[in-house]
Amino acid sequence: MSINVTPQFEEATYKKAASRLIPFLFLCYIIAFLDRVNVGFAKLQMASDLKFSDAIYGVGAGIFFIGYFIFEVPSNVILERVGARIWIARIMITWGLISSAFMFAGDIHWGPIATFFHFTDAQFSFYFLRFWLGVAEAGFFPGVILYLTYWFPGVRRAKMVALFMSAIGVAQLIGSPVSGGIMQFMDQVHGLRGWQWLFLLEGIPSVIVGALVLAILPNGPKTTKWLTAEERDLLVQQIAQDNAFKHGLAGKHSLFGAFKDGRVWALAGVYFALATCFYAVGFWMPTIIQEFGIDKKDLLRVGLISMIPWGASIVAMIYWGGHSDRTRERRWHCAGGMLCMMAGLLMLAVAHNSPVVSIVALTLITAGWAGCVVTFWSLPTAFLSGTAAAAGIAWINSVGNLGGYFGPDLIGTIRTAAGGATAAPFFALAALALIGALIIILLPKTQPAQAMVATPD
């Protein structure tokens, strides 16, 4: 059924939907990212308490992404079948419980199981819980992206995704001083170490918000009570039209066609490079900052200093994305972000623990990452559509996130072998960022020759 609406009514309807959905999803992603990366702060106390080397920490930090990689696609399929409300709530509640369970990492006894793998009990617990945290969180990000397709047609969706993704920088900006403060001021309260309180206090909100998801997040516009009948009809019709357009394109793009396109594999490599550099620095940033000479008990100061690069990433994401939209150019904006990361990594390799040089370097890395990631996903969608787009984008995301395993592990392994030296891994990461930038620049036909259609404000 076709309905006639004024542009003002259409705009008001989408603003209403966005104002109801995006802030809550934004909150969910902040909590998700905190539970994913708070191990970087916990390491400052946990490593010595549980006798973890840098190599053990690096493997444990990264093993999250193995579980995430294996279960991401199945989780997303289940979400589509059972509904977003139930499955997103399940994801948040289980990852909150698992994140809180890390406080017992030094108390669980595995006996012959840990011995079989030549691990200590604490080491096995760390690896085991990080893997299952990845399994629990798998499907959340692509699930939300899928959920947004139920509400916003393609021409409006990019802006919603950008608003949702900006939660990464906000999570780090807020989470750094909060994590440092918890570890410093809660240490030895009721006999628990600060890192144990960190996992408990940052895990509980996930469970609470997960319960709220069940109460307030609708599965889609058809069953939403806060929309009028006319607003529901408008959203349902425009999403149906958007899907019809996709089905028309799907006839030209098979499911396996995406895997035959070399550009998909190339961009998967680019995203792998991006994730490797980002998570390598992200998981090790508290350690890098503490090694400026900060007192090991002054964890709040570590958190406050960490706000500088993460605050810059938020500004860079907004500016870079806006400039890319205004100029209608993606390729050089994305490659420029990678080159900015490369410059920061090279500076970090030669900083020799200089606080000023290191902070400038970390800021270049986070700002470059933000500029790259905010424009990256426009590249595959410029030449993929329909079923091929679904398969290609899922594959790029899955392969790319494996970089979250290799990055932290690379730094941990080299630091252990070199007695804490950090220059070599940052030189290696800088080379990886350069390769990613060159692939973006040289890859053909990742941006339409004609000017892109501007999206609504």
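This is a predicted model, so every value here is computed, not measured. In this chain, residues are counted from 1 in sequence order.
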**Request:** Taking the six-membered ring for Trp and the single ring otherwise, decide whether the centroids of Tyr14 and Trp151 are under 6.0 Å apart.
**Result:** no

**Request:** Look at the aromatic rings of Phe140 and Phe164 and report parallel, tilted or perpendicular, splitting at 30° and 60°.
**Result:** tilted

**Request:** Establish, yes or no, whether a centroid distance under 6.0 Å links the rings of Tyr127 and Phe119.
**Result:** yes

**Prompt:** Tell me, which pairs form a ring-ring contact (aromatic ring centres under 6.0 Å, His included) where one or both residues lie in residues 187-214, sequence neighbours left out?
**Reply:** Phe102-Phe199

**Message:** Phe41: which residues meet the ring pair (Phe, Tyr, Trp, His ring centres under 6.0 Å) condition with it, sequence neighbours left out?
**Reply:** none

**Item:** With sequence neighbours excluded, residues passing ring pair (Phe, Tyr, Trp, His ring centres under 6.0 Å) with Phe26
**Value:** none

**Prompt:** Between Tyr271 and Phe376, does a ring pair (Phe, Tyr, Trp, His ring centres under 6.0 Å) hold up when you go through it step by step?
**Reply:** CA-CA 8 Å; Tyr271 203 55; Phe376 175 83; 5.0 Å; yes

**Request:** Starting from the C-alpha separation in whole Å, work towards a yes-or-no answer on ring pair (Phe, Tyr, Trp, His ring centres under 6.0 Å) for Tyr279 and Tyr405.
**Result:** CA-CA 8 Å; Tyr279 284 111; Tyr405 171 78; over 10 Å; no

**Arg301 atom CZ: more than 12 heavy-atom contacts under 6.0 Å** = no

**Request:** State which residues pass ring pair (Phe, Tyr, Trp, His ring centres under 6.0 Å) with Phe272; sequence neighbours excluded, sorted by chain then number.
**Result:** Phe406

**Prompt:** Got a sec, which residues hit side chain to side chain contact (heavy atoms under 4.5 Å, CB included) with Phe185, two or more places apart in sequence or on another chain?
**Reply:** Leu300

**Message:** Which label fits Phe278 and Trp369: parallel for a plane angle under 30°, tilted from 30 to 60°, or perpendicular past 60°?
**Reply:** parallel

**Message:** Is there a side-chain contact between Leu348 and Ser358 in this structure, where contact means two heavy atoms from C-beta onward sitting under 4.5 Å apart?
**Reply:** yes

**Prompt:** Can Trp87 and Ser75 be counted as having a side-chain donor-acceptor contact under 3.5 angstrom?
**Reply:** yes

**Item:** Set of residues satisfying salt bridge (Lys or Arg N to Asp or Glu O under 4.0 Å) with respect to Asp54, sequence neighbours excluded
**Value:** Lys43, Arg415

